[in-house]
Amino acid sequence: MKKRSRNWLMVGFLTIVIAKYEEVEASRRLDEETNLDSDPTLQPHRTAYHFQPPKFWMNDPNGPMYYNGVYHLFYQYNPRESVWGDGKLSWGHSISYNLVDWVHLENAINPTDPFDINGCWSGSATILPDGTPAILYTGCDPEKRQVQNLAVAKNASDPYLREWIKSDHNPLLAPVDDIKGDYFRDPTTAWQGPDGKWRLIVGSEICGHGTALLYHSEDFVSWTKSHRPLHFSKRTKMWECPDFYPVSVNGTNGLDTSVIDRSSKHVLKASFNDHDYYVIGAYEPETDAFSVDTDFMDDNVQLRYDYGVFYASKTFYDNAKRRRILWGWVTEADGESDDTKKGWSGLQSFPRSILLDESGKQLTQWPIREIESLRTEEVNIQNKEIEGGAEFEITGITASQADVEVSFHIPNLDDAELLLREWRDPEALCRIKNASAGGKIGPFGLMVLASDNLAEHADIFFRIYKGNDKHVVLMCSDQSRSSLREEVEKTTYGAFIDVDPSQNLSLRSLIDHSIIESFGGRGKTCITARAYPKVAVGNAARLYAFNYGTESIVISSLSAWSMKPAQLSPLHERTKSQI
Ligand code: DQQ
């Protein structure tokens, strides 16, 4: 080799080494700045068994799927900072064998092409009949118009599906006619009708009404817009992240998205007004007619997946365990500067399996049973009366990282207070009648993330009222005293639960440092809340059961467990046997 070319080679080599060194240094500096590698006491609010990327901003769950023995979760990810920022988001990607422990991979999709240069936004995965996993996602183009794109796994035999190839045909769908460029996003998992054609819906707002635009395709590449949307509502604005899937009536299994079974019903979910609302109805695959039992924002019934912090959710069908699983984005309730200091923002709810309730009128949700693999120390209490005005501590477990299941018996329902007409809004009622406002039957429930002197605590509780022809059960999640820090948001959430309180009334709460996911009436009503205690952190956190009503309540049974942390780490930090 000539001397000059040897020198060039040397320069090239050194440039690569320096660039690599700078990259590693920059990442080390970022870790240092964001405390992520530091003492865990500096990260008291980072969760132990909820899904989080190693750092920075995460919002919606995207394209969850089960493929060849591996669960995939993609998510809206800002790989540069802990805020949503300029919206130039990527699809983060992690895989799991049990939906509890996760391996973080490189981003699956980045905003690098004209059809997504301003952001790769939410979308869904569909497994095509030949086994190809396909992702449909929203791209923001150079004019910030929203368009729908396709990406397929480059190598379906890679167990982790690490590389994704964007289609040459992108964008597949562009906003035309009456669709506004900024109201056209979040394609669903596609399903096949009896005619073999694919269908999918995209969230939109047409003439001021929230709309699920319907498209058809024979080849998954060219799509035609149907004249009639699948559904729309005059009572709502833009629909984000729609989801549409069948649920079996009286069945205990979930259904795959394309299953057409005359005895099933269909669920349509749309995200708007900061909540995930759903309706249940009958879907005719021949005509694509969808007739709802009760509509969005009906005066009497407004169904939500979760009455707390839970948004832009997505379900997928797990054919290994024949269940439909729901993920939802749980945002932070502290400030943006806190998120920058923490170095991260956003959680995913613990995955929930979702079924149609036996009433047929609503869904029920329950943490997937794999969560039980994290349970360690256990305490059990049976038949314990809590007199009016009393509380008692549940000891023997790690109260900041716990799973608690309790079942209450109400010995005397006769003296329940009357539900006044002006108390129709359950959230407002929970605010007026917070945990410290005494009542007759209730408030009773759990006091979590509590400090020694009870200066800090979050409360999940019930109150029972007498309605017109039956008892009414109110469930509240009161954060008003959850942190001594004044600046964090402490919204109180509430909902009525359609249960008969003469039967046992159950409550389950997943407590994980700064998140409390609560399931009332075996998952009929779910409320997720955030709390950022100053004192009640780590081992200083305590757990109580309480009853501040005048009537005694009996805990028929209570089981509580400390939870082990789930394993979440990047691929390069794992040995093969750890995956
Ligand atoms: N988040 C995405 C959008 C979606 C919104 C952008 C919902 O695709 O509509 O990050 O949170």
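When a ligand or atom number is given, it counts from 1 through the structure's own listing order.
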TODO: Give the contacting part of Thr138 toward ligand 1: side chain, backbone, both or neither, where contact means a heavy-atom distance below 4.0 Å.
DONE: neither
Open item on the list: Is it the case that the ring center of Phe290 lies less than 6.0 angstrom away from the ring center of Phe244?
Closed with: yes
Task: Polar side chain donor-acceptor pair, Asp288 to His216, under 3.5 angstrom - done: yes
TODO: For Thr126 and Thr189, test the side chains for any donor-to-acceptor distance below 3.5 angstrom and give the result as yes or no.
DONE: no
Open item on the list: I need the single residue from Tyr311, Tyr305, Trp239, Phe272 that forms a ring pair (Phe, Tyr, Trp, His ring centres under 6.0 Å) with Tyr277. Which is it?
Closed with: Phe272
Open item on the list: Under 4.0 Å from a heavy atom of Ser122: which atoms of ligand 1 are those, numbered in the order shown and with their elements?
Closed with: 2 (C), 8 (O)
Task: Proximal ligand 1 atoms for Asp60, defined as those under 4.0 Å from one of its heavy atoms - done: 1 (N), 2 (C), 3 (C), 4 (C), 5 (C), 7 (C), 11 (O)
Open item on the list: List ligand 1 atoms under 4.0 Å from Leu89, heavy atoms only on the residue side.
Closed with: 10 (O)
Task: Atoms of ligand 1 close to Gln76 [distance to a heavy atom under 4.0 angstrom, numbered from 1] - done: 2 (C), 6 (C), 10 (O)
Open item on the list: Tell me whether Asp186 reaches ligand 1 (any heavy atom closer than 4.0 angstrom to a ligand atom).
Closed with: yes
Task: Heavy-atom pair of closest approach, residues Phe350 and His50 - done: N-CD2, 3.5 Å
Open item on the list: Under 6.0 Å between ring centres: does that hold for Tyr278 and Phe296?
Closed with: no
Task: Trp329 N/O under 3.5 Å from ligand 1 N/O - done: no
